[in-house]
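Here is the structure we will look at.
Not measured: the values here are computed from a predicted model. The sequence lines fix the lettering, A, B, ..., with proteins before strands; numbering per chain opens at 1.
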Number of protein chains: 2
Amino acid sequence: MKNAEHQTKSDRTRAAIVAAAQEVFAAKGYEQATVRDIAARAAIDPAMVIRYFGSKDALFARVAVFDLKLPDLKAGDGNRIGETLVRHFLSVWETDANGGFAVLLRSAASNEFAAKKLRDVFAGQVLPALARVGGTARAAERAGLVSSQLLGLALCRYVLKLPPVVAMPRESIIGAVGKTIQRYVTGR
Amino acid sequence: MKNAEHQTKSDRTRAAIVAAAQEVFAAKGYEQATVRDIAARAAIDPAMVIRYFGSKDALFARVAVFDLKLPDLKAGDGNRIGETLVRHFLSVWETDANGGFAVLLRSAASNEFAAKKLRDVFAGQVLPALARVGGTARAAERAGLVSSQLLGLALCRYVLKLPPVVAMPRESIIGAVGKTIQRYVTGR
DNA sequence: GATTAAAGTCAACATACGTTGACTAGTCGT
DNA sequence: ACGACTAGTCAACGTATGTTGACTTTAATC
């Protein structure tokens, strides 16, 4: 009885593999994460990973996609764009559902495919959202500056685990970094 | 004729290995760089790398040390601390002599030893230099924010190679990011 | 020039990786 | 109950890695 509604056994296995892959890729990066690691975490045979996804590369491509879900910055208070962005960014990062971001950042430093994916996220999501506010003049530069601050924050807080940055309360970060982002977005 | 002044043959080989290791580690990160890669770049046998440095780990430890050479921030104009820091940081990064920084940043995302080294650079060089200006209150937080912006800048410009950040002229970066650093350092 | 130590070469090791193919167990339709 | 198809297991492959030890070549000392 094959039913489109009910998930089959293989669907559950696929999901387990994807979940395990997200955790392991996010924790160790692409090259350091092994198919055997992922299989062990999903409590299955390594061969199943290949059978279901074809290759480690393909599994990574499947896991390393994510949506920043940036809000419409034109809708809210124009003086709170920075604050809104930082708050949103922290939420996205700390929501385990979107482990794709951690996967990308960890891997991008030594994996060109991951680096390209991150550039795509920038060009396809960050840049368009910021181009809508603050005028189109030098939008790319402004988006680049915003990205440098936000990615640097993620790097220090979640990857390097720099103690003072880890310890900082969420609202302090939103206050301090939000002002920076606001200036980058509105250009003064 | 063994002379302390004159460099022996082995000294030149050691230097060639160190130089090759810096390039390869900086380009690929610790795990992705192989002893055979380094040996090939230095035009020697892979076994020599081990003979001279004992292990890949030891060679990495030798190469992954570097000095930010931060200037005395109290000496100059108090309103130009941000500008000074960014300018200095860009110079250090782009001076090939200090490839140790690229080595660390590339490797830190997936190598705990490199991450720890970066945290040590923060605690031993960045934090003390910033604690001397702007008062000691919340010095760690301010240093953390400064690091997040500067490391994010390096990440986007030199590792991810985000096109707008790569294309930005040096002086534009110093202007825009300098203001941010200045605010983080002096706290408003 | 013979002797001795250093510098460099070569092949191999043990291990770990991604991936494959043959095989077994389980499940569903009839 | 039986056959067919799916899901899962197992052992092995080829390759790449860090590292080692035996060997050969080069250079320095007497």
Practice item. Give one of base, sugar-phosphate or nothing for A:Ala33, where a contact means two heavy atoms less than 4.0 Å apart. Key: sugar-phosphate
Exercise for review: Rounded to the nearest angstrom, tell me the gap between atom CZ in A:Arg14 and atom P in D:dG8.
Suggested key: 12 Å
Point to revise | Atom-to-atom span, CD1 of A:Ile50 to C1' of C:dC17 - whole angstrom | key: 11 Å
Review point. Would B:Arg51 and B:Ser10 count as having a side-chain donor-acceptor pair, cut-off 3.5 Å?
Key: no
**Study point:** N/O (side chain, A:Ser10) to phosphate O (OP1/OP2, D:dT6) under 4.0 Å
**Key:** no
Revision key, fill the gap. From OH of A:Tyr30 across to C1' of C:dG18 the rounded distance in Å is 9 Å
Practice item. To the nearest Å, give me how far apart NZ (A:Lys56) and P (C:dT20) are. Key: 15 Å
**Study point:** Among D:dG18, C:dA7, D:dA7, the one nearest A:Met48 by side-chain distance
**Key:** D:dA7
Check your understanding: Closest nucleotide of DNA chain C for A:Arg36 versus for B:Thr13: which of these residues is on the 5' side?
Key -> B:Thr13
Review point. Looking at C:dT19, C:dG8, D:dA7, which one has an atom nearest to any side-chain atom of B:Tyr52?
Key: C:dG8
Practice item. Could you tell me the separation between the CD atom of B:Glu31 and the P atom of D:dT17, rounded to a whole number of Å? Key: 13 Å
Practice item. Look only at the side chain of A:His88 and the backbone of A:Glu83, and say whether a donor-acceptor pair between them is shorter than 3.5 Å. Key: no
**Study point:** Whole-Å distance separating the CD atom of A:Gln32 from the C1' atom of D:dG18
**Key:** 14 Å
Review point. Should B:Thr34 be listed as having a side-chain N or O under 4.0 Å from OP1 or OP2 of D:dA16?
Key: no
Study note, to complete from the structure: Here the distance between atom C1' of D:dT26 and atom CZ of B:Arg12, to the nearest Å, is 13 Å
Exercise for review: Please determine, for the side chain of B:Arg51, which listed nucleotide (C:dA7, C:dT9, D:dT9) has the closest atom?
Suggested key: C:dA7
Review point. Roughly, in whole Å, what's the span from CG in B:Leu59 to C1' in D:dG18?
Key: 12 Å
Review point. Can you tell me if B:Glu31 uses its side chain to pair, donor with acceptor, with the backbone of B:Ser107 under 3.5 Å?
Key: no
Check your understanding: What's the verdict on side chain to side chain donor-acceptor pair (under 3.5 Å) for A:Ser148 and A:Tyr184, showing C-alpha distance, side-chain angles and the deciding distance?
Key -> CA-CA 11 Å; A:Ser148 78; A:Tyr184 287 158; 5.5 Å; no
**Study point:** Side chain B:Arg119, main chain A:Leu160, donor-acceptor under 3.5 Å
**Key:** yes
